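Sending over a structure as structure tokens; questions will come in a sec.
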Amino acid sequence: MDRVLPPTWRPSSEAELEAALNEGAFTETPKREAKQQLRGSKDQAKDMASFAIDGGLIVVGVREVKAEGRFELAPVEWIDQILETPARIAASSCDPPLQVSVEWLESELPGHGYLLIEVPASPLAPHMAGGAYYGRGDREKRRLPDTEVERLIRARDTSLDVVRTALREQVEKDPFPEGALAHLHVVALPSRRIPGMFKAWTAAEDARPLLFDLVRDGVSRRTRERAGAAARVSPVFGELVSGFRTAGGVGIASQLSTSSVVVLEERDLRFVVRERGEVSLYCGRAADRLEGRYLFFDGTLAFRVRAFLDLVASLSEDAGYGGSWDVGVAVTNTHGMSSWNGERGSSPGSEYDAERYEQVTRVPKLELEKPGSATDRLVGELLRSLGNASAHTDLLTDPE
């Protein structure tokens, strides 16, 4: 063998792929696998899940000649949906849903080519497929024993302790600790710390117009359309007009206290960006007391959290950050509240029997582009507890 391909190698053309095969440099490794054809959905899910721990590449259109210990080109025929199929299977047949990127390399053979399925190292690994967890051996997938699964999940959970602590610190600083309503707290931290990540924002003499433009343009049209009326429950993002400075950061709020204005709990909405990379959202009205009932704006919760993830995605792009984010959500003063929507506001369902809801998760960059699954991990459990999650499926998913 004349050369060894680096672990992160991926071909940019058929000629480059063929050269690696002819030189004997292309081998199957813990981070690379060859497939002659796309397999059935169950096997595809297992293959992709096995790469999720450390990341890797599946090249479809390469045949192994076992008797000769080599690989050769075997371009596959182009068919409709060939690019979408692996991504759809990874999202629907892996648990938690796995996000992959798929690229097509043209072949000199008309109508044929190669699929490059890149599985990034997932911060949510290990992923289950077909009722089991998978990882990689030297050349092929292997079923993970329970002890290894437990170790990986424990390590994943421990890595979220920093955002969990930041979330609880925000709750402790609630501007209305004795308030009458449920309050929403959301915090996001970059998984990889970058000093001065948002220095450009805090260095601006007047960050208010920058934040105003971010909030106006950063929430995607898809998120707003899927939310419908839930996006219009006050306080709304459009009310974020007052800029302010805070320790290590800048913010924008729906109202600011002055000698002539008193901040009201039910109208309080605040969005903060800190120089070190922390982003946070606070809302003083996640529920309301109407006609003797304590009703929770569950669809608005899903919208606000998904919109927050949209804003984090915009900030990531602005800062040139391509890593994951650790995100936490807390809803306080929740005991006794039940789901509300405009059609049955006087007939709520089950009452929530805990004083507080809290959830944290890690959100990969690819998932920020379609944050439905991340929104579900953060608030889906609460909505399901209230018996109304199915009404907000559009905000909790991103079907192809």
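Here the structure is a predicted model, which is why all the values come from computation and not from measurement.
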How about Y321 and L315: do any of their side-chain heavy atoms sit closer than 4.5 Å?
->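 With C-beta onward as the side chain, the pair stays apart.
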Minimum heavy-atom distance N333-G179, with the two atoms named |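 N333 and G179 have their closest heavy atoms at ND2-O, 3.4 Å.
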Hydrophobic cluster identity match, V162 and V360, side-chain contacts under 4.5 Å =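 Both belong to a single hydrophobic cluster.
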Below 4.0 angstrom, N of the basic side chain to O of the carboxylate: do R164 and D161 qualify?
->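 D161 and R164: salt-bridged.
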Quick one: do S122 and H127 satisfy side chain to side chain donor-acceptor pair (under 3.5 Å)? Show the steps, please.
-> CA-CA 9 Å; S122 171; H127 290 256; 2.7 Å; yes
Pi-cation contact, F26 with R32 (under 6.0 Å, within 45°) =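 Yes, R32 sits over the ring of F26.
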Take atom CZ of R267 as the centre, draw a 6.0 Å sphere, and report whether it contains more than 12 heavy atoms from other residues, nucleotides or ligands.
->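 Check fails, neighbour count at 12 or below.
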Can R306 and D398 be counted as an ion pair, charged N to O under 4.0 angstrom?
->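 Salt bridge: yes.
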In sequence, state the C-alpha distance, the side-chain angles, and the governing distance for H112 and E77, and then conclude on side chain to side chain donor-acceptor pair (under 3.5 Å).
-> CA-CA 4 Å; H112 289 69; E77 185 177 2; 4.8 Å; no
Heavy-atom pair with the smallest gap, counting every atom of I252 and V241 =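 Looking at all heavy atoms of both residues, the closest pair is CG1-N, 3.9 Å.
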Side-chain contact test, heavy atoms from C-beta onward, threshold under 4.5 Å: evaluate it for V379 versus L396 and give yes or no.
->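 Yes, side chains in contact.
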Pairing of D54 and K31 as salt bridge, 4.0 angstrom limit |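 Salt bridge: no.
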Going from CE on M337 to OG on S385, what distance comes out if it is rounded to the nearest 0.5 angstrom?
->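 The CE atom of M337 sits 9.0 Å away from the OG atom of S385.
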What do the steps show when you test H335 against Y352 for ring-ring contact (aromatic ring centres under 6.0 Å, His included), and what is the final call?
-> CA-CA 5 Å; H335 191 275; Y352 198 67; 8.5 Å; no
Quick one: does T158's side chain have a donor or acceptor within less than 3.5 Å of a partner on R154's backbone?
->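 Yes.
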Kindly determine whether E265 and H183 satisfy side chain to side chain donor-acceptor pair (under 3.5 Å), including the steps that lead there.
-> CA-CA 9 Å; E265 174 189 9; H183 299 165; 2.7 Å; yes
Is a donor on one side and an acceptor on the other found under 3.5 Å between the side chain of S107 and the backbone of L109?
->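 Side chain of S107 to backbone of L109, a donor-acceptor pair under 3.5 Å: yes, one is there.
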Taking all non-hydrogen atoms of both residues, which atom of T397 and which atom of R226 are closest, and how far apart?
->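 In terms of heavy atoms, the two residues are closest at O-NH1, 2.8 Å.
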Would you please test V187 and Q170 for side chain to side chain contact (heavy atoms under 4.5 Å, CB included) and show each step?
-> CA-CA 8 Å; V187 174; Q170 177 171 318; 3.1 Å; yes
Heavy-atom neighbours of D206 CG exceed 12 at 6.0 Å =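 Yes, the 6.0 Å shell around CG holds more than 12 heavy atoms from other groups.
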Under-4.0 Å salt bridge between R384 and D376 =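 Salt bridge flag = yes for D376 with R384.
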Answer yes or no: is there a side-chain heavy-atom contact under 4.5 Å between L295 and S339?
->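 No. Closest side-chain heavy atoms not under 4.5 Å.
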Inspect the contact between R139 and E28 and indicate whether a charged nitrogen and a carboxylate oxygen are less than 4.0 angstrom apart.
->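 Yes, this pair counts.
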Apply side chain to side chain contact (heavy atoms under 4.5 Å, CB included) to V279 and R274, showing your working.
-> CA-CA 6 Å; V279 187; R274 300 188 191 275; over 6 Å; no
First locate atom CD of E106, then atom CH2 of W78, and finally report the distance between them rounded to the nearest 0.5 Å.
->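 If I round to the nearest 0.5 Å, the distance is 8.0 Å.
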Does the pair R143/E148 count as a salt bridge with the N-to-O cut at 4.0 Å?
->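 Result for this pair is no, no salt bridge flagged.
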Any Lys/Arg nitrogen of E16 or R10 sitting under 4.0 Å from an Asp/Glu carboxylate oxygen of the other?
->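 A salt bridge is absent here (no side-chain N lies under 4.0 Å from a carboxylate O).
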Does CD in E108 sit with more than 12 non-hydrogen atoms of other residues, nucleotides or ligands closer than 6.0 Å?
->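 Result for CD/E108: open.
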For the pair R245 (side chain) and T202 (backbone), establish whether a donor and an acceptor sit closer than 3.5 Å, ignoring hydrogens and angles.
->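 Between the backbone of T202 and the side chain of R245 there is a qualifying donor-acceptor contact (under 3.5 Å).
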How close do L214 and L311 get, heavy atom to heavy atom, and via which atoms?
->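 In this case the closest contact between L214 and L311 is O-CD2, 3.4 Å.
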Using a strict cut-off of less than 4.0 Å between a Lys/Arg side-chain nitrogen and an Asp/Glu carboxylate oxygen, indicate whether R142 and E140 qualify as a salt bridge.
->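 Here R142 does not pair with E140 in a salt bridge, since their nearest N and O are not under 4.0 Å apart.
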Is there a donor-acceptor pair under 3.5 Å between the side chain of R156 and the backbone N or O of L124?
->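 Between the backbone of L124 and the side chain of R156 there is a qualifying donor-acceptor contact (under 3.5 Å).
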Got P175 and Y282 here, is their nearest side-chain heavy-atom distance under 4.5 Å?
->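 Yes, at least one pair of side-chain atoms sits under 4.5 Å.
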Under 3.5 Å donor-acceptor, T246 side chain and G249 backbone =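 It does not hold such a pair.
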Counting distance only, does the side-chain N/O of E33 pair as donor-acceptor with the main-chain N or O of V59 below 3.5 Å?
->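 Answer holds: no.
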Backbone N or O of E355 within a donor-acceptor pair of the T334 side chain at under 3.5 Å?
->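 A pair under 3.5 Å: yes.
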Identify whether L189 and L281 are in the same connected component of the hydrophobic contact network (ILVMFWY, side-chain heavy atoms under 4.5 Å).
->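 Hydrophobic grouping puts L189 apart from L281.
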Taking only Lys NZ, Arg NE, NH1 and NH2, and the carboxylate oxygens of Asp or Glu, determine whether E291 and R293 approach each other closer than 4.0 Å.
->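 Here E291 does not pair with R293 in a salt bridge, since their nearest N and O are not under 4.0 Å apart.
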S390 backbone acceptor or donor facing T393 side chain under 3.5 Å =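 Judged by distance alone, yes, a pair lies under 3.5 Å.
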Could you check if a side-chain atom of L38 sits within less than 4.5 angstrom of a side-chain atom of I82, using non-hydrogen atoms only?
->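 The answer is yes, as the side chains (C-beta and beyond) meet within the 4.5 Å cut-off.
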Does one hydrophobic cluster hold both V102 and V62, with members joined at side-chain heavy-atom distances below 4.5 Å?
->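 Different hydrophobic clusters.
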Apply side chain to side chain donor-acceptor pair (under 3.5 Å) to S191 and W325, showing your working.
-> CA-CA 5 Å; S191 303; W325 285 83; over 6 Å; no
Is it possible for you to say whether Y357 and F308 belong to one hydrophobic cluster, with membership spreading through side-chain heavy-atom contacts below 4.5 Å?
->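 They do share one cluster, since a chain of ILVMFWY contacts under 4.5 Å joins Y357 to F308.
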With hydrophobic residues grouped by side-chain heavy-atom distances under 4.5 Å, do V327 and L382 end up in a single group?
->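 Linked, V327 and L382 end up in one cluster.
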Carboxylate-amine/guanidinium contact R377 E381, below 4.0 Å |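 Between E381 and R377 there is no salt bridge, as every charged N stays at least 4.0 Å from the carboxylate O atoms.
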So do the side chains of W104 and L116 get within less than 4.5 Å of each other, counting heavy atoms only?
->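 Side-chain contact under 4.5 Å: no.
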E275 and K199 ion-paired at < 4.0 Å |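 K199 and E275: not salt-bridged.
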Roughly how far, to the nearest 0.5 Å, is the CG atom of D47 from the CD1 atom of I117?
->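 It comes to 8.5 Å.
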Sidechain-backbone polar pair: T332 side chain, R356 backbone, donor-acceptor under 3.5 Å |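 Pair absent, no side-chain N/O of T332 close to backbone of R356.
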Pairwise distance CD(E72) to CG(L21) - rounded to 0.5 angstrom |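 That separation rounds to 8.5 Å.
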Residues, nucleotides or ligands: over 12 heavy atoms within 6.0 Å of E317 CD |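 Result for CD/E317: open.
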Should L386 and F296 count as side-chain neighbours, where that means a heavy-atom distance under 4.5 Å?
->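 The answer is yes, as the side chains (C-beta and beyond) meet within the 4.5 Å cut-off.
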Which pair of non-hydrogen atoms, one from F303 and one from A227, has the smallest distance, and what is that distance?
->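 In this case the closest contact between F303 and A227 is CD1-CB, 3.4 Å.
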Any donor-acceptor pair under 3.5 Å from Q44 side chain to R39 backbone =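 Here the side-chain-to-backbone pair exists.
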4.5 Å side-chain heavy-atom contact, L181 and E266 =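 Answer yes - side chains close enough.
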Nearest heavy-atom neighbours spanning P97 and A91 |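 Shortest heavy-atom separation between P97 and A91 comes out as CB-O, 3.3 Å.
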How many angstroms lie between atom OH of Y134 and atom SG of C94, to the nearest 0.5 angstrom?
->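 Taking OH in Y134 and SG in C94, the distance rounds to 11.0 Å.
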How far does CG of L366 sit from OG of S373, to the nearest 0.5 angstrom?
->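 Answer rounded to 0.5 Å: 12.0 Å.
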